[in-house]
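Each chain gets a letter, A, B and so on, in the order the sequences are listed, and its residues count up from 1.
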Number of protein chains: 2
Amino acid sequence: MPEARISTPKARGEETRARIVEAAIETLKREGFGGASARAIARTGGFNQALVFYHFGSVRELLLAALDETSARRMARYREVVDGAGNLQELIAAATEVYREDLASGHIKVLAEMIAGASSMPELGPEIVRRIEPWIDFATDAIARVSATLPFPVPVPPEDAAFGIVALFLGVELLTHLEGDGIRSDRLFELGSQLAAMAALLFGTLPASGKGGE
Amino acid sequence: MPEARISTPKARGEETRARIVEAAIETLKREGFGGASARAIARTGGFNQALVFYHFGSVRELLLAALDETSARRMARYREVVDGAGNLQELIAAATEVYREDLASGHIKVLAEMIAGASSMPELGPEIVRRIEPWIDFATDAIARVSATLPFPVPVPPEDAAFGIVALFLGVELLTHLEGDGIRSDRLFELGSQLAAMAALLFGTLPASGKGGE
DNA sequence: GTCTATACTTGGATAGAC
DNA sequence: GTCTATCCAAGTATAGAC
């Protein structure tokens with residue numbers, strides 16, 4: 001019971017805004033970019049279509065707000081899990097776990113739909129780029145961090161690996177939601193962990209310096 | 001059957017069909033799934049919008065025909081290049097080369113747009129799945145083939161790796177066209193070759209089941 | 001802030017003339 | 001086979017009542 005007043009006008013407005021964003025995320029997940037019209041979103045959230053324009057000005061702005069919201073939520077979650085990882089295997093295990101959540105929750109679906117949708121709405125491009133960069137940076141940092149724990153110099157520039165990982169996640173998302181089940185992505189992540197374990201074992205037992213690359 | 005005429009009605013029809021498919025591919029590349037309306041496609045190809053429905057019945061069918069066409073072309077090209085690869089490095093080099101062509105030519109863009117677009121047109125899903133399977137099979141075969149040339153047993157199931165590669169290509173496509181340049185994907189593929197070379201070198205000199213490769 | 005009504009636009013699709 | 005004309009559905013967006 002926070003306040004004497006039931007709800008200030010301002011609070012009500014904010015609440016509606018949030019409901020609309022929520023409905024937009026939901027609609028993007030279920031019906032994709034092409035299906036995320038003001039009307040469809042309003043139907044999903046059970047509110048009036050005109051509210052989209054009152055609160056956000058345009059569908060475009062709403063979709064970006066939706067991307068911001070889901071992105072912020074997932075970033076918080078990724079940090080929580082990934083920051084606890086102290087070495088390569090733990091990082092892969094952590095990323096796998098959170099990514100599985102994402103496949104289920106649909107966050108990456110929203111991202112992938114927005115990226116693909118930007119083709120038919122070019123003004124969206126730069127906005128989306130700005131919202132992806134933090135993810136690549138995040139991955140870069142995580143990779144750099146665990147790279148430093150390996151007993152040998154890593155010949156992989158973290159930013160390149162990060163780009164690859166983000167791309168891989170997006171691609172797996174596309175294929176997984178297309179095929180309905182998540183069997184193939186499960187197997188892929190399984191494989192990732194195995195290889196990581198193998199690599200660590202293998203490299204870990206090699207003379208760290210002396211037989212290196214270049 | 002007489003055929004010495006300059007153009008039979010039938011041939012003209014086929015020719016138009018081809019023009020329409022071409023325009024559909026072009027429009028999918030440039031404007032994405034959302035921008036690929038019958039009208040936009042007709043504008044691209046300089047023909048009448050009603051022809052789409054006369055020849056294909058619906059936009060949906062046309063888009064699938066477009067996917068078939070670009071897919072067939074690229075598959076031919078991939079086979080040409082990839083079948084010549086006898087070992088892992090050659091395979092990666094070949095894949096990199098053809099994939100670079102794809103980024104420029106837009107074939108994978110068409111595929112990615114169709115996959116993402118399927119979210120708002122669910123009937124498209126199964127059709128697209130059917131059209132992706134040959135690509136995963138193709139990648140599986142290529143990987144299995146070069147795996148057999150390695151001087152040690154490979155702990156990577158070819159079909160899992162194939163799924164990963166196809167996903168990676170799709171994801172890189174999304175990000176690359178979004179950011180406009182291809183710098184990051186260039187670096188990624190560069191990295192891939194380096195790692196492949198390193199792995200071959202490293203594993204090749206390990207006591208596997210004897211000293212295999214060269 | 002929210003709803004109803006509506007103006008305007010674009011797109012899928014068909015009929016019928018050529 | 002191709003084009004013009006047209007219908008209808010759906011979408012964006014705004015005005016104005018509540």
Side-chain angles (χ1 to χ4, degrees), chain A residues 5-24 27-28 30-66 113-114 117-124, chain B residues 5-24 26-28 30-66 113-114 117-124 127:
Chain A
R5 295 216 197 299
I6 318 187
S7 72
T8 65
K10 182 151 198 175
R12 260 194 83 198
E14 281 309 305
E15 200 191 308
T16 304
R17 248 186 100 91
R19 275 183 63 207
I20 297 175
V21 168
E22 211 53 53
T27 310
L28 272 170
R30 283 207 327 257
E31 311 190 38
F33 184 87
S37 66
R39 287 169 139 96
I41 293 168
R43 221 176 299 130
T44 300
F47 50 80
N48 193 285
Q49 169 254 149
L51 288 181
V52 166
F53 302 96
Y54 176 78
H55 284 284
F56 295 90
S58 69
V59 174
R60 212 197 74 168
E61 289 305 311
L62 168 57
L63 295 182
L64 287 173
E113 284 290 332
M114 290 291 284
S119 295
S120 44
M121 237 191 213
E123 331 85 76
L124 230 48
Chain B
R5 301 270 163 259
I6 325 241
S7 76
T8 64
K10 183 155 200 172
R12 260 193 82 197
E14 282 309 306
E15 200 191 307
T16 304
R17 249 187 99 92
R19 275 182 64 207
I20 297 175
V21 168
E22 211 53 54
E26 193 52 34
T27 310
L28 272 171
R30 284 207 327 258
E31 312 189 38
F33 184 86
S37 67
R39 288 168 141 97
I41 294 169
R43 219 176 300 129
T44 300
F47 50 80
N48 194 284
Q49 168 253 152
L51 287 181
V52 166
F53 302 96
Y54 175 79
H55 284 284
F56 296 91
S58 69
V59 174
R60 212 196 74 167
E61 290 304 311
L62 168 56
L63 295 182
L64 287 172
E113 285 290 331
M114 291 291 284
S119 295
S120 43
M121 236 190 214
E123 329 86 77
L124 230 48
E127 299 295 330

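- Atoms CD1 and CD1, on I20(B) and I41(B) in that order, are 9.5 Å from each other to the nearest 0.5 Å.
- The separation between R43(A) atom CZ and dC3(C) atom C1' is 17 Å, rounded to whole Å.
- One interatomic measurement links the two molecules: CZ of R60(B) to C1' of dG11(C), which rounds to 17 Å at whole-angstrom precision.
- In the set dA15(C), dG12(C), dG1(D), the nucleotide with an atom closest to the side chain of T16(B) is dG1(D).
- Distance, F47(A) CZ to dC3(C) P: 10 Å, rounded to whole Å.
- Residue order along DNA chain D, read from the 5' end via each residue's closest nucleotide, puts G34(A) first among A50(A) and G34(A).
- Comparing Q49(A) and H55(A), the nucleotide of DNA chain C nearest to each residue sits closer to the 5' end for H55(A).
- Taking atom CG of residue N48(B) and atom P of nucleotide dC18(C), one finds them 16 Å apart after rounding to whole Å.
- Across S120(B) and G35(A), no two heavy atoms sit closer than the pair CB-N, 3.4 Å.
- Residue A38(A) is in sugar-phosphate contact alone, with no base atom involved, counting any heavy-atom pair closer than 4.0 Å across all strands shown.
- Note: CZ (F53(A)) to P (dC3(C)) measures 14 Å, nearest angstrom.
- Taking atom CG of L51(A) as the reference point, atom C1' of dA13(D) lies 13 Å away to the nearest angstrom.
- Separating the CZ atom of F33(B) from the P atom of dG11(C) is a distance of 13 Å, rounded to the nearest angstrom.
- Residue I41(B) contributes atom CD1, which lies 17 Å from atom P of dT10(C) at whole-angstrom precision.
- Side-chain proximity of S37(B) to dG1(D), dT2(C), dG11(C): nearest is dG11(C).
- Residue Y54(A) places no side-chain N or O under 4.0 Å from the OP1 or OP2 atom of dT2(C).
- In terms of modelled atom types and a separation under 3.5 Å, the side chain of E113(B) and the main chain of F33(B) share a donor-acceptor contact.
- In this structure, the nucleotide among dA15(D), dA13(C), dA13(D) sitting nearest to the side chain of V59(A) is dA13(D).
- With a 4.5 Å cut-off on side-chain heavy atoms, V52(B) and F47(B) count as touching.
- A distance of 4.5 Å separates OG1 of T44(B) from CZ of R30(B), quoted to the nearest 0.5 Å.
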